[in-house]
Number of protein chains: 2
Amino acid sequence: MTQPRRGRSEAGRAEVRRELVAAAVAQFTEHGYDETTVDAIAAAAGVGRRTFFRYFRSKEEAISPDHTAGLARVADVFETAHPSEPPALVALRAGETVFDLYTEDPALSVARYRLTHQVPALRDRESASVDHYRRLLTRHLRKRLADDPDGDLRAAVVGAAVVAAHNLALRTWLAAGAPADGIDAMIAKYRRVADMLPVEQPSLAAVTERLEAAVDRLEQRPPA
Amino acid sequence: MTQPRRGRSEAGRAEVRRELVAAAVAQFTEHGYDETTVDAIAAAAGVGRRTFFRYFRSKEEAISPDHTAGLARVADVFETAHPSEPPALVALRAGETVFDLYTEDPALSVARYRLTHQVPALRDRESASVDHYRRLLTRHLRKRLADDPDGDLRAAVVGAAVVAAHNLALRTWLAAGAPADGIDAMIAKYRRVADMLPVEQPSLAAVTERLEAAVDRLEQRPPA
DNA sequence: GAGCCTAACGGCACGGAGTGCCGTTAGCAA
DNA sequence: TTGCTAACGGCACTCCGTGCCGTTAGGCTC
């Protein structure tokens, strides 16, 4: 693809990485995942096979996004959130910061999405990646729910629910071709999970009940 | 381990399978997962390397339980459940039928659990397996929530929550050594997720809508 | 009980993933 | 110009997973 390059700077490494990802996506899409060898990807990116494995730990990793930044952001939101903020809402905010990883390069995200959903090996790897987020959320939630007798269960449920909503919203958007004017709808859909979360005291049901009763009383008041 | 055997009956195949699983668990536990080759497992079970791959698709599969039966049971519960039963409760019942796969042979389940949680490759495979259950639940739930405007989101949340609760209860039990007198507590913990599922309560959005409508009506009426 | 049929077995060989090792080279600094 | 460092690429190796094929056990028929 290009001339032989040796001895790269940091910027050079980032460029090589992008070329490897692009080559992998192109080859997988065109010839199929199993039919594409690491040799072919490396050659298409103009580097040696050995170098490929200095950028990715495995063939699958070339296609899955780097979640280092996403996981770091999630952890950061939890560590800087005020102790009084409801844990479920912290989790919700944390999840929202991860959308950026996909909206930055929609075309690449869509290509990855399509490959991931038709190659079993990539799908399984994706499941594992998603589970890392779920575990991270659950761990932080459990810390914040330490005084709840069912805190571990609530943390597991909220963590899993937030991740599930995130993925549903994200995949719906990706399946539609990742339109720029669909990002707001994606986030709105994701936020709607808040209505389904088991919110801690005061009970949501109790609050709404009281509000509804108050409104009902107002409505039944005879007009002047 | 035994004499060379050739040409097995169906019962013979089941026995060979058990021996391979036992050999894999023993070797992985004693020498580590990466250090154990498929050759060694096959030899310990008294069969050839080629035969190993007639029983398992991969080295990892020798350690992970066969979920065929579990997935079939879940599907069966959904297909035979009465249409009027709340979807979340169907999911809850479906998940409960899967505990049997682990309580049948507690010692083996504990050995698998320990290996799975200290070998990254096995952990990732486990995540993928769990995700298959989640997807199955979500798919069936979505069908039963077709008339709910947020049915897909609710299905995703309930499915993920049920699976998360199942795994938390199961792992807690396994981590404690899978005591026979802990099975009831495991199931009780799992069932407690029902209190956190977004089905009984009206959604916050619905309540908000009603409140806003009521306020609108009040505003259009002269004060008392 | 002799012969046949089917299914499982084991060995062989091959391609490809992933890794340790090492000589080489680009880019930078003194 | 010289020396240092980090990245590169080739080589060789192990092991996983699979197609192929000859062989054999166990059951069935007559």
Side-chain angles (χ1 to χ4, degrees), chain A residues 1-21 23-25 27-28 30-64 115 119-125 128, chain B residues 1-21 23-25 27-28 30-64 115 119-125 128:
Chain A
M1 183 149 284
T2 55
Q3 310 78 331
R5 295 160 302 184
R6 297 184 159 194
R8 299 170 209 293
S9 60
E10 194 167 341
R13 276 187 68 83
E15 190 194 333
V16 171
R17 187 189 172 86
R18 274 195 304 274
E19 280 187 29
L20 280 169
V21 169
V25 170
Q27 301 272 325
F28 290 165
E30 190 172 356
H31 304 111
Y33 178 77
D34 288 331
E35 289 70 26
T36 302
T37 65
V38 172
D39 268 294
I41 300 170
V47 299
R49 197 182 88 94
R50 191 65 187 79
T51 298
F52 175 93
F53 287 107
R54 288 200 173 88
Y55 286 85
F56 305 102
R57 270 184 301 226
S58 69
K59 181 181 170 182
E60 298 149 7
E61 203 175 296
I63 210 64
S64 60
L115 282 167
V119 179
L122 298 177
R123 184 195 278 261
D124 284 0
R125 179 156 205 88
Chain B
M1 183 147 287
T2 54
Q3 310 79 334
R5 295 159 301 183
R6 298 187 157 191
R8 298 170 210 291
S9 60
E10 195 167 337
R13 275 187 67 85
E15 189 195 333
V16 170
R17 188 189 172 86
R18 277 195 302 274
E19 280 187 29
L20 279 169
V21 170
V25 170
Q27 300 273 323
F28 290 165
E30 190 172 357
H31 304 111
Y33 178 78
D34 289 331
E35 288 70 25
T36 303
T37 66
V38 173
D39 268 295
I41 300 171
V47 299
R49 198 181 88 93
R50 192 64 187 81
T51 297
F52 174 92
F53 286 107
R54 288 201 174 87
Y55 286 85
F56 305 101
R57 271 184 300 220
S58 69
K59 179 180 172 185
E60 297 151 6
E61 204 175 295
I63 210 65
S64 61
L115 281 168
V119 179
L122 298 178
R123 184 195 278 260
D124 284 358
R125 179 157 205 89

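Residue numbers begin at 1 in each chain, while the letters A, B, ... track the order of the sequences. The structure presented is a predicted model; accordingly, all values stated were derived computationally and were not measured.
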Enquirer: Below 4.5 Å, heavy atoms only, C-beta onward: do B/Arg13 and B/Val16 meet side chain to side chain?
Expert: no
Enquirer: A/Leu20 CG to D/dC8 C1': how many Å, rounded?
Expert: 13 Å
Enquirer: For B/Phe53, what residues pass the ring pair (Phe, Tyr, Trp, His ring centres under 6.0 Å) criterion, not counting sequence neighbours?
Expert: none
Enquirer: Under 3.5 Å, which protein N or O atoms sit close to an N or O of nucleotides 15-19 of chain D? Give each pair with its distance.
Expert:
residue	atom	partner	partner atom	Å
D/dC16	OP1	B/Val38	N	3.3
D/dC16	OP1	B/Lys59	NZ	3.4
D/dC16	OP2	B/Val38	N	3.4
D/dG17	OP2	B/Lys59	N	2.7
D/dG17	N7	B/Arg49	NH1	3.4
D/dG17	N7	B/Arg49	NH2	2.8
D/dG17	O6	B/Arg49	NH2	2.8
D/dT18	O4	B/Arg49	NH2	3.2
D/dG19	N7	B/Arg50	NH2	3.1
D/dG19	O6	B/Arg50	NE	2.7

Enquirer: Any non-hydrogen side-chain atom of B/Tyr55 less than 4.5 Å from a side-chain atom of B/Glu19?
Expert: no
Enquirer: List the atom of A/Ala24, the atom of A/Ala62, and the distance in Å for their closest heavy-atom pair.
Expert: CB-CB, 3.9 Å
Enquirer: Can you tell me how far the CZ atom of B/Phe28 sits from the CG atom of B/Leu122, to the nearest 0.5 Å?
Expert: 6.5 Å
Enquirer: Provide, to the nearest angstrom, the distance between the CD1 atom belonging to A/Ile63 and the C1' atom belonging to C/dA17.
Expert: 17 Å
Enquirer: How long is the line joining CZ of B/Arg17 and C1' of C/dA8, in whole Å?
Expert: 16 Å
Enquirer: Could you report the tightest heavy-atom contact between B/Leu115 and B/Val25, atom names first, then the distance?
Expert: CD1-O, 4.1 Å
Enquirer: Would you say B/Tyr55 places a side-chain N or O within less than 4.0 Å of OP1 or OP2 belonging to C/dA8?
Expert: no
Enquirer: Give the rounded distance in Å between these two atoms: CZ of A/Arg54 and P of C/dC22.
Expert: 14 Å
